[in-house]
Amino acid sequence: MRKQIVLGTVPTVLAALLLATGPALAAETLAGKVGTKRFGAMFPAGMKGPCQKAYKDYVAAAGHSAYAQTPLSYSVEAVFCGRAYNAPSQKEAEKRALAECNSVGKKYKVKVAGPCQIYVSK
């Protein structure tokens, strides 16, 4: 009789422990976080374009993501950017964002202030 009581309570105790520690074991979402900031993302005054949208989408992304951009300078014709959302790792997101930013620069032949760089990643 005593053996049945002990065996019957073990699953209940294990289930209670799992429920109590479950939220602590769950992966934390990255949505709404800026992550590792290497440079402050800057946009030309009055410009509302795809790069600002890409940056806002980067911040909202829940997984590993990155945002790359060419430097901003008064003497440039354009600013290029690239983004990668919800990649398997931060390093992979950075690789994808740089590849996208560089591909835009190859497509359009305009003067930029420098090469694409990772501005933020998480």
Side-chain angles (χ1 to χ4, degrees):
M1 174 105 166
R2 186 157 178 82
K3 191 175 189 181
Q4 288 177 341
I5 293 172
V6 170
L7 290 177
T9 58
V10 170
T12 306
V13 170
L14 288 175
L17 284 172
L18 183 61
L19 287 174
T21 60
L25 297 175
E28 182 182 351
T29 182
L30 298 172
K33 298 188 175 158
V34 174
T36 305
K37 187 185 274 190
R38 297 181 186 165
F39 304 100
M42 298 186 320
F43 308 100
M47 179 184 126
K48 292 206 182 232
C51 289
Q52 280 184 318
K53 181 177 178 349
Y55 181 77
K56 286 180 183 178
D57 291 346
Y58 157 79
V59 173
H64 293 290
S65 305
Y67 174 80
Q69 180 179 314
T70 56
L72 182 63
S73 172
Y74 68 90
S75 64
V76 300
E77 298 173 24
V79 173
F80 297 140
C81 61
R83 78 284 186 267
Y85 310 129
N86 304 320
S89 68
Q90 183 176 1
K91 188 171 188 164
E92 181 64 25
E94 290 176 0
K95 181 179 163 186
R96 291 178 187 178
L98 277 175
E100 182 179 303
C101 184
N102 288 324
S103 71
V104 174
K106 289 175 185 170
K107 183 176 179 182
Y108 301 102
K109 308 263 190 235
V110 296
K111 183 179 177 184
V112 293
C116 293
Q117 298 173 338
I118 296 295
Y119 273 54
V120 287
S121 65
K122 56 184 174 180

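For F80, the ring-ring contact (aromatic ring centres under 6.0 Å, His included) criterion is met by no residue, not counting sequence neighbours. The side chain to side chain contact (heavy atoms under 4.5 Å, CB included) check on P71 picks up A113, Y119, with sequence neighbours excluded. The side-chain hydrogen bond (donor to acceptor under 3.5 Å, both in side chains) check on E92 picks up R96, with sequence neighbours excluded.
The two residues A68 and A97 have their closest heavy-atom pair at CB-O, 3.9 Å.
In this structure, CD in E94 is found 7.5 Å from OG1 in T36, a value given to the nearest 0.5 Å.
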Worked verdict on Y67 versus V34 for side-chain contact (heavy atoms from CB on, under 4.5 Å)
CA-CA 10 Å; Y67 174 80; V34 174; over 6 Å; no
For a side-chain contact (heavy atoms from CB on, under 4.5 Å) check, start with the C-alpha distance between N86 and S65, then their side-chain angles and the critical distance, and finish with the verdict.
CA-CA 5 Å; N86 304 320; S65 305; 4.3 Å; yes
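For the pair K122 and Y58, the distance from NZ or CZ to the six-membered ring centre is under 6.0 Å and the angle to the ring normal is within 45 degrees.
Note on V120 and F39: same hydrophobic cluster, where clusters join Ile, Leu, Val, Met, Phe, Trp and Tyr whose side-chain heavy atoms are under 4.5 Å apart, directly or indirectly.
Between S121 and the options R38, K37, H64, a side-chain contact (heavy atoms from CB on, under 4.5 Å) holds for only R38.
The SG atoms of C116 and C81 lie 2.5 Å or more from each other.
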